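Report on one structure; see the data block that follows.
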Protein chains: 2
Amino acid sequence: MTNSEILSNHLKNQGVKPSIQRIKIYEFIRNHAIHPTADDIYNHLVKEIPTLSVATVYNTMHLFEQKGIVRTISIDNHQTRFDWNMTPHGHFQCKVCGTIYDLEANLNQMNISELDGFQVDESHYYFKGLCKSCINK
Amino acid sequence: MTNSEILSNHLKNQGVKPSIQRIKIYEFIRNHAIHPTADDIYNHLVKEIPTLSVATVYNTMHLFEQKGIVRTISIDNHQTRFDWNMTPHGHFQCKVCGTIYDLEANLNQMNISELDGFQVDESHYYFKGLCKSCINK
DNA sequence: ATTCAATTTTAGAATAATTCTAATTTTGTA
DNA sequence: TACAAAATTAGAATTATTCTAAAATTGAAT
């Protein structure tokens with residue numbers, strides 16, 4: 001099986017009909033664990049698929065989100081980033097280099113009594129500051 | 001001292017020259033602990049100050065942020081909300097009624113070892129789901 | 001293979017939040 | 001009262017995202 005076929009099957013298993021665009025987008029987000037924006041995805045893939053449109057990137061990401069393949073994070077205020085890591089985790093963004101680090105800790109372990117009786121569907125957390133390597137410069 | 005004079009002094013103490021616009025905006029965010037958007041602030045105050053412009057609201061909020069009077073939160077993706085409560089705390093937003101609840105717990109108590117050697121300047125967390133009163137309907 | 005409806009993709013227009021710009025107004029001081 | 005600095009303003013510009021309607025692709029039924 002080619003790599004493309006493997007990815008195609010992954011998508012099928014998650015209930016997504018695999019078009020070329022969807023496979024390439026899926027491949028991109030899996031290989032670039034950088035929490036890309038729609039723009040990052042578009043600019044990278046338009047070289048390979050010259051007719052690709054931004055609308056397709058957005059459509060696909062919305063579909064992936066619905067199907068539980070990605071989730072969105074909003075650290076920078078006005079630009080959505082996509083994260084293929086669906087385990088409960090958080091982020092740290094360095095103000096200097098912009099890198100977004102994943103943090104393993106699960107927010108749900110905080111056990112917040114104010115939420116008793118509430119139904120919690122999503123939890124998000126993130127820090128901002130300077131990362132180690134930027135401090136050491 | 002009138003209420004307006006008290007607020008004016010608050011601003012002075014924080015290093016902000018108190019104009020009418022700034023005092024009214026400050027008053028609004030203190031009396032409406034609803035994490036308002038720039039638009040909420042503008043729409044409410046333009047009735048009182050007909051010449052108010054959105055630019056002034058944004059300018060003022062940026063200034064307040066710089067001076068440590070408010071901070072911004074981004075729960076809804078593309079609309080910044082302002083929070084005058086500067087103690088470390090988090091939020092819960094109900095998907096049905098939209099209400100944003102404050103949560104007292106301080107994220108820093110999580111003590112995340114992956115951040116050893118990092119400088120943490122800001123920490124944010126929030127949950128989404130259904131609030132108690134919407135569940136009981 | 002051919003037809004046809006359903007699905008997907010597309011280009012570009014529309015929308016909405018925010019920022020920018022340059023002019024005007026206000027403020028405080030000399 | 002004059003004047004420079006600061007603040008406000010209207011409206012244009014920018015940017016991310018969504019919408020729209022047309023074109024392309026797909027896949028099932030014949």
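Note that the coordinates shown come from a computational prediction; the quantities given were computed from them, not determined experimentally. Side chains are part of it too, since the values below use all heavy atoms of this structure and drop only hydrogens, waters and symmetry mates.
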Query - Nearest-Å distance for atom pair CZ/P, residues A/Phe82 and D/dA16 - result: 13 Å
Query raised in the report: Hey, is the side chain of B/Thr56 poking within less than 4.0 Å of OP1 or OP2 on D/dT9, counting only N and O atoms?
Result: yes
Query raised in the report: Are B/Val120 and A/Leu130 linked, directly or through other ILVMFWY residues, by side chains that come within less than 4.5 angstrom of each other?
Result: no
Query raised in the report: Can a side chain N or O of A/His62 be found less than 4.0 Å away from OP1 or OP2 on D/dT18?
Result: yes
Query raised in the report: Which part of the nucleic acid, if any, lies within contact of B/Thr37, taking any heavy atom under 4.0 Å across all strands shown: a base, the sugar-phosphate backbone alone, or nothing?
Result: nothing
**Report entry** B/Arg71 and B/Glu65 ion-paired at < 4.0 Å
**Finding:** no
Query raised in the report: Is it the case that one hydrophobic cluster holds both B/Ile75 and A/Leu115, taking links as side-chain heavy atoms less than 4.5 Å apart, direct or via other members?
Result: no
Report task. Measure the distance from CD1 on B/Ile49 to C1' on D/dA7 and round it to the nearest whole Å. Result -> 13 Å
Report task. Figure out the OH/C1' separation between A/Tyr42 and D/dT15, and round it to whole Å. Result -> 15 Å
Query - Between D/dT15 (C1') and B/Gln79 (CD): distance, integer Å - result: 15 Å
Query raised in the report: For the pair made of CG in A/Asn43 and P in D/dT15, what is the distance, rounded to whole Å?
Result: 13 Å
Query raised in the report: Can you tell me how far C1' of D/dA7 sits from CG of B/Leu11, to the nearest Å?
Result: 14 Å
Query raised in the report: In whole angstroms, how far is the P atom of D/dT25 from the CD1 atom of A/Ile20?
Result: 9 Å
Query - 4.5 Å side-chain heavy-atom contact, A/Gln79 and A/Asp39 - result: yes
Report summary line: In the 5' to 3' direction, the nucleotides of DNA chain C bounding the stretch that comes under 4.0 Å of a heavy atom in chain A are C/dT7 to C/dT18
Query raised in the report: Do A/Ile73 and A/His35 have side-chain heavy atoms sitting under 4.5 Å apart?
Result: yes
Query raised in the report: To the side chain of B/Lys17, which of D/dT9, D/dA16, D/dA7 is closest?
Result: D/dA7
Query - Atom-pair distance (CD on A/Gln21; P on D/dA24), nearest Å - result: 14 Å
Requested in this report: Give a yes or no on whether the ring-centroid distance for B/Tyr101 and A/Phe118 is below 6.0 angstrom.
Outcome: yes
Query raised in the report: Counting any heavy atom closer than 4.0 Å, what does B/Thr51 reach on the DNA or RNA strands: base, sugar-phosphate only, or nothing?
Result: sugar-phosphate
Query raised in the report: Taking for each residue the nucleotide of DNA chain C with the nearest heavy atom, is it A/Ala55 or B/Arg81 whose nucleotide lies nearer the 5' end?
Result: A/Ala55
**Report entry** Distance-only polar pair, side chains of B/Tyr26 and B/Arg30, donor-acceptor under 3.5 Å
**Finding:** yes
Report task. Have a look at A/Asn59 and say if it touches a base, only the backbone sugar-phosphate, or nothing, with a 4.0 Å heavy-atom cut-off. Result -> base
